[in-house]
Colleague: 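First, the structure itself, so that you have it in front of you.
Remember, it's 1-based here, ligands and their atoms both numbered in the order they're listed.
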Amino acid sequence: MALSAAIILAAGEGTRMCSSKPKVLHEFAGKTFLQRVMASVGQLEPETLAVVVHYQADRVSEAARSYDANVDIVNQDDIPGTGRAVQCAMAQLTQERNLHGSVLIAASDMPLLDSVTLKKLVAFHEQSGDGATVLTTILDNPTGYGRIIRDRDGHVLRIVEQKDANRSELAVQEVNTSVYVFDADLLAEAIANLDNHNAQGEFYLTDALETAKTRGTVGAFAAPDPLSVEGVNDRLQLAALSKAHNRRVCEHWMLNGVTILDPDTTWIEDDVELAQDVTVLPGSFLKGHTVIGQNAVVGPYTTLIDAIVDAEAVVERSRVQGSHIGRAANIGPWTYMRPGNELGEETKAGAFVEMKKAHIGNGTKVPHLSYVGDAELGEHTNIGGGTITANYDGVHKNRTHIGSNVHVGAGNLFVAPVEVGDSVTTGAGSVIRHAVPDDSMVYSENTQHIVEGWKPAWER
Ligand code: UD1
Ligand code: CA
């Protein structure tokens, strides 16, 4: 199975999204539509992977290049239609080199298009010997899609768009998914004479099948999984497909030993990894490359983005991004972890704690209302409530080092850069500006003044 080229259509505006952003750059489960389709198509290793752009061309091509640096960008001209998109692509690709064998074409508004379906389609096409094969699916509600019209013997005759269809055609439930495999030579011929005599005044790629039919045979391959080929045209479809996909992801994890109390309010992206006996409580979002270890409990109302949470840890009502939470750590409620934190085993952060680029040693606790940023804390240290590391002098971010077995009193202020040794005790309300040696006690003055008999102005 060798694909000479794959052409991804991404030139449309996606008017029905009512967005300032091109449709293909909308996100589905954490990745853009275009990223997802390019990844699936890329797995078939076509000799050339082309993406056709036009609407906000710079933005779309920049995104395409960021997903695959070797992508071939085709600029569609001002003439609209999926057929025009392929005409522009073929003009460019055949100029660059000789196309031979199979060419895959796919729309980019199908976020769940997967490489397994695509491989089956290509294999079916190559075995059938047909000149063109369209990927179809059967839908309970085919509204909006092009309908597959077959003759009495079941051969594909043509595809009729919703807006051009008569009543009996509208009743057909088998639809065009906008994924095709063509023999390269046949494709070049089939798109040569398209016209725009239709309800939308566009050059339809679907019309190429009628020409293809006069030169060879056209086959149809039904996608085994209708979800995998569902197109998204508006935000209602985006929500519905996201929900259906998320349900499947949750079911996969539940069948693999994860307790998800409420899959309706738990959102898990595709690259997340969950160990056995993890519990995910309602209102949780597990995003990016998040990895959660055995028996950990996440949620309720927790967002994890690219977070590593080790076994036995608890993360409750918090947001953790780009951070590593050690075994049996206790995070939250209401802890905000910005990227770069490294927390050891049996540590604690929260309630109401913010951390950034903090390295926290085993057994160290930051229990209440603190900000710890750009800091190194040793092991078995305890940070008093309301303590702040003043890490920013207006120009530079500076680090605070606090040793092991340190008892920081409530309401301390560490003015970085500053270093505190091991086994230190600090007084409540201290402002620590200078190095503190091991095995010492430190406190800073803040004189208490009493004004006797004082009354507020309104009482005087
Ligand atoms: C298209 C098909 C329809 C099919 C449906 C499946 C045609 C004429 N119709 O309709 O049979 O059932 O997809 O979802 O092909 N695009 C371009 N250049 C353009 C116009 C569109 O590259 O000038 C791209 C879009 O970015 C999109 C894809 O082609 O990725 C499909 O365009 P869209 O407008 O969504 O087509 P549909 O009306 O859904
Ligand atoms: Ca579409």
Side-chain angles (χ1 to χ4, degrees), residues 7-17 19 21-26 28 32-38 41 50-57 59-61 63-64 73-90 92 105-113 132 134-139 141-149 156 158-165 169-170 172-180 182 190-191 194-210 220 223 226-238 241:
I7 301 169
I8 296 176
L9 311 182
E13 173 178 349
T15 344
R16 290 163 279 182
M17 295 296 281
S19 175
K21 190 159 71 175
K23 175 165 72 179
V24 299
L25 297 187
H26 278 260
F28 184 98
T32 67
F33 295 3
L34 182 60
Q35 183 176 10
R36 301 179 74 95
V37 172
M38 280 178 67
V41 170
V51 173
V52 185
V53 302
H54 178 74
Y55 179 73
Q56 296 195 18
R59 210 167 155 186
V60 178
S61 43
I73 299 293
V74 174
N75 284 289
Q76 185 177 345
D77 54 20
D78 289 330
I79 300 169
T82 48
R84 185 61 186 172
V86 175
Q87 283 177 340
C88 294
M90 286 298 281
Q92 179 167 323
I105 300 171
S108 53
D109 60 350
M110 336 169 50
L112 291 178
L113 185 63
V134 52
L135 182 65
T136 70
T137 190
I138 294 174
L139 296 178
N141 176 10
T143 308
Y145 286 87
R147 308 297 205 280
I148 305 291
I149 309 301
V156 177
R158 61 179 182 280
I159 296 172
V160 181
E161 291 304 293
Q162 167 92 21
K163 288 181 179 156
D164 302 300
E169 288 165 338
L170 287 176
V172 173
Q173 287 177 295
E174 186 183 11
V175 301
N176 171 25
T177 63
S178 259
V179 181
Y180 318 79
F182 278 87
I191 56 172
L194 296 176
D195 63 50
N196 61 355
H197 305 149
N198 52 54
Q200 300 185 86
E202 291 188 357
F203 286 77
Y204 288 169
L205 178 58
T206 44
D207 290 346
L209 291 179
E210 272 179 87
L227 272 199
S228 72
V229 291
E230 214 163 288
V232 171
N233 294 315
D234 60 35
R235 300 192 201 226
L236 301 185
Q237 290 169 334
L238 176 60
L241 192 59

Colleague: Can you tell which of V24, V51, T32 makes a side chain to side chain contact (heavy atoms under 4.5 Å, CB included) with M38?
Modeller: V51

Colleague: Using a strict 4.0 Å cut-off to heavy atoms of S178, name the atoms of ligand 1 that fall inside it.
Modeller: 1 (C), 2 (C), 4 (C), 5 (C), 6 (C), 13 (O)

Colleague: Answer yes or no: does an N/O atom from A11 fall short of 3.5 Å to an N/O atom of ligand 1?
Modeller: yes

Colleague: In this structure, does ligand 1 have an atom that sits under 4.0 Å from one of the heavy atoms of V175?
Modeller: no

Colleague: Below 3.5 Å, N or O to N or O, backbone or side chain included: is there any such pair between D109 and ligand 1?
Modeller: yes

Colleague: Which angle, to the nearest 10 degrees, do you find at the Ca ion (ligand 2) between OD2 in D109 and OD1 in N233?
Modeller: 80°

Colleague: Looking at the Ca ion (ligand 2), is one of the N, O or S atoms of S178 less than 3.0 Å from it?
Modeller: no

Colleague: Atom 36 (O) of ligand 1: which protein heavy atom is closest, and how many Å away?
Modeller: R16 NH2, 4.5 Å

Colleague: Mind telling me whether F33 and F28 have parallel, tilted or perpendicular rings, with 30° and 60° as the class edges?
Modeller: perpendicular

Colleague: Give me the atom names and distance for the closest heavy-atom approach of E169 to I149.
Modeller: CG-CD1, 3.8 Å

Colleague: Kindly identify the option in G81, G14, P80 whose heavy atom sits closest to atom 19 (C) of ligand 1.
Modeller: G81

Colleague: For atom 28 (C) of ligand 1, find the nearest protein heavy atom and state the residue, atom name and distance (0.1 Å precision).
Modeller: A107 CB, 3.6 Å

Colleague: Can you list the steps and then say if N233 with K23 is a side-chain hydrogen bond (donor to acceptor under 3.5 Å, both in side chains)?
Modeller: CA-CA 8 Å; N233 294 315; K23 175 165 72 179; 3.0 Å; yes

Colleague: To the nearest 0.5 angstrom, please state how far the CG atom of D109 sits from the CG atom of L34.
Modeller: 11.0 Å

Colleague: Identify, for atom 39 (O) of ligand 1, the protein heavy atom at the shortest distance, and state residue, atom and that distance.
Modeller: N233 OD1, 3.7 Å

Colleague: With backbone taken as N, CA, C and O and side chain as the heavy atoms from C-beta onward, which portion of K23 lies under 4.0 Å from ligand 1: side chain, backbone, both, or neither?
Modeller: side chain

Colleague: For Q162 and G144, indicate whether the former's side chain and the latter's backbone hold a donor-acceptor pair under 3.5 Å.
Modeller: yes

Colleague: Could you list which atoms of ligand 1 come closer than 4.0 Å to a heavy atom of G146?
Modeller: 3 (C), 4 (C), 11 (O), 12 (O)

Colleague: Does any N or O of ligand 1 fall below 3.5 Å from an N or O anywhere on L9, backbone included?
Modeller: yes

Colleague: So, regarding N176 and ligand 1 (criterion: nitrogen or oxygen to nitrogen or oxygen, under 3.5 Å), is there a contact or not?
Modeller: yes

Colleague: Do ligand 1 and G12 have nitrogen or oxygen atoms that lie under 3.5 Å from each other?
Modeller: yes

Colleague: I'd like to check whether E161 has a polar contact with ligand 1, where a contact means an N/O of the residue lying under 3.5 Å from an N/O of the ligand.
Modeller: yes

Colleague: Nearest 0.5 Å please: distance from the OG1 atom of T82 over to the OH atom of Y180.
Modeller: 5.5 Å

Colleague: Is there any N or O on A85 that sits under 3.5 Å from an N or O of ligand 1?
Modeller: no

Colleague: For I7 and M90, what are the C-alpha separation, side-chain angles and deciding distance, and is it a side-chain contact (heavy atoms from CB on, under 4.5 Å)?
Modeller: CA-CA 9 Å; I7 301 169; M90 286 298 281; 4.1 Å; yes

Colleague: Any donor-acceptor pair under 3.5 Å linking the side chain of Q76 with the backbone of V53?
Modeller: no

Colleague: Please report the closest heavy-atom contact between G83 and L194, naming both atoms and the distance.
Modeller: CA-CD1, 3.6 Å

Colleague: Flag Y145 as yes when one of its N or O atoms lies below 3.5 Å from any N or O atom of ligand 1, and as no otherwise.
Modeller: no

Colleague: Would you say the side-chain atoms of R158 pair up with the backbone N or O of V156, donor to acceptor, closer than 3.5 Å?
Modeller: no

Colleague: Strictly distance-based, threshold 3.5 Å: is any side-chain N or O of R84 a donor or acceptor partner for the main-chain N or O of I79?
Modeller: no

Colleague: List the closest protein heavy-atom neighbour of atom 32 (O) of ligand 1: residue, atom name, distance to the nearest 0.1 Å.
Modeller: T82 CG2, 4.1 Å

Colleague: Does ligand 1 come near enough to Q76 that some N or O of the ligand is less than 3.5 Å from an N or O of the residue?
Modeller: yes

Colleague: Does V52 have a non-hydrogen atom less than 4.0 Å from ligand 1?
Modeller: no

Colleague: Within the side chain of R147, is there an N or O that forms a donor-acceptor pair under 3.5 Å with the backbone of L170?
Modeller: yes

